[in-house]
Amino acid sequence: IVKHISIVSNGTASTFQLFTNGSGAGNIWTPSGFQVVSGGMAEWDGTLALGNGETFLGVAGTATALTIRIDGDVVSP
């Protein structure tokens, strides 16, 4: 269960997108082209349940410009 996501600029502004279970338009989880300014950050708090085999994908507009950290809880069946 994802509980917190932080996206931090490593000194360069960049856009990013987060996807669940694929990278198609129907899988996008954040606004398309969301931008983090140089030295800035974006955060999300909530609850996102992912089952076995489900995936989370982060794509940045500029390679190595952002650090994405995902925190949560592991629930065993």
Side-chain angles (χ1 to χ4, degrees):
I1 300 172
V2 177
K3 301 299 267 178
H4 180 84
I5 300 172
S6 62
I7 299 101
V8 180
S9 165
N10 294 328
T12 302
S14 181
T15 59
F16 76 91
Q17 295 173 301
L18 298 176
F19 298 85
T20 55
N21 302 315
S23 58
N27 303 88
I28 193 165
W29 194 72
T30 56
S32 181
F34 192 89
Q35 183 166 23
V36 176
V37 298
S38 178
M41 67 182 299
E43 290 188 287
W44 175 84
D45 287 301
T47 300
L48 172 65
L50 296 174
N52 289 340
E54 292 187 291
T55 60
F56 207 64
L57 171 69
V59 178
T62 303
T64 70
L66 303 173
T67 298
I68 299 175
R69 180 177 172 154
I70 301 171
D71 297 303
D73 299 315
V74 176
V75 179
S76 298

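Computed from a predicted model, the values in this text were never measured in an experiment.
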Participant: Excluding sequence neighbours, so at least two apart, what forms side-chain contact (heavy atoms from CB on, under 4.5 Å) with Ser14?
Facilitator: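 Listed in chain order: Ala60, Thr62, Ala65, Leu66.
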Participant: Any side-chain heavy atom of Thr47 sitting closer than 4.5 Å to one from Ile1?
Facilitator: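 A side-chain contact under 4.5 Å exists here.
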Participant: Taking the side chain from Ser9 and the backbone from Met41, do they hold a donor-acceptor pair closer than 3.5 Å?
Facilitator: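 No; judged by distance alone, with no hydrogens or angles, the pair does not exist.
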Participant: Just by distance, do the side chain of Thr15 and the backbone of Gly33 share a donor-acceptor pair under 3.5 Å?
Facilitator: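 Answer holds: no.
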Participant: Please name the pair of heavy atoms, one in Asp45 and one in His4, separated by the smallest distance, quoted to 0.1 Å.
Facilitator: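 Smallest heavy-atom distance, with atoms named: OD1-ND1, 2.5 Å.
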Participant: So, for Gln35 and Ala13, which heavy atoms are closest and what is the spacing to 0.1 Å?
Facilitator: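 In terms of heavy atoms, the two residues are closest at NE2-CB, 3.6 Å.
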Participant: Could you list all the salt bridge (Lys or Arg N to Asp or Glu O under 4.0 Å) pairs where at least one residue sits in residues 55-71, not counting sequence neighbours?
Facilitator: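 For residues 55-71, and leaving out neighbouring residues, the salt bridge (Lys or Arg N to Asp or Glu O under 4.0 Å) pairs sorted by first residue read Arg69-Asp71.
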Participant: Considering only Ile, Leu, Val, Met, Phe, Trp and Tyr, and joining two whenever side-chain heavy atoms are under 4.5 Å apart, list the other residues clustered with Val74.
Facilitator: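 Noted: Val74 shares its cluster with no other residue.
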Participant: Are Asn10 and Thr67 linked by a side-chain donor-acceptor pair shorter than 3.5 Å?
Facilitator: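 Indeed, the side chains of Asn10 and Thr67 share at least one donor-acceptor pair under 3.5 Å.
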Participant: Please collect all ring-ring contact (aromatic ring centres under 6.0 Å, His included) contacts where either partner lies in residues 19-39, sequence neighbours excluded, each pair once.
Facilitator: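 Pairs touching residues 19-39 that pass the test: Phe16-Phe34, Trp29-Trp44, Trp29-Phe56.
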Participant: Tell me whether Leu18 is reachable from Leu50 by hopping between hydrophobic residues (I, L, V, M, F, W, Y) whose side-chain heavy atoms are closer than 4.5 Å.
Facilitator: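 Looking at the clustering, Leu18 is in the same group as Leu50.
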Participant: Return the CD1 to CD1 distance between Ile5 and Ile68, rounded to the nearest 0.5 Å.
Facilitator: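 Spacing of CD1 (Ile5) from CD1 (Ile68) equals 8.5 Å.
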Participant: Nearest 0.5 angstrom please: Lys3 NZ to Ile70 CD1, how far?
Facilitator: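 That separation rounds to 14.5 Å.
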Participant: Just grab all the side chain to side chain donor-acceptor pair (under 3.5 Å) pairs involving residues 19-28, residues at least two apart or on different chains.
Facilitator: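 Listed once each, the pairs are Asn21-Glu54.
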Participant: Of all residues at least two apart in sequence or in a different chain, which pass the side chain to side chain donor-acceptor pair (under 3.5 Å) check with Asp73?
Facilitator: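 Scan of Asp73 (side chain to side chain donor-acceptor pair (under 3.5 Å), adjacent residues dropped) gives none.
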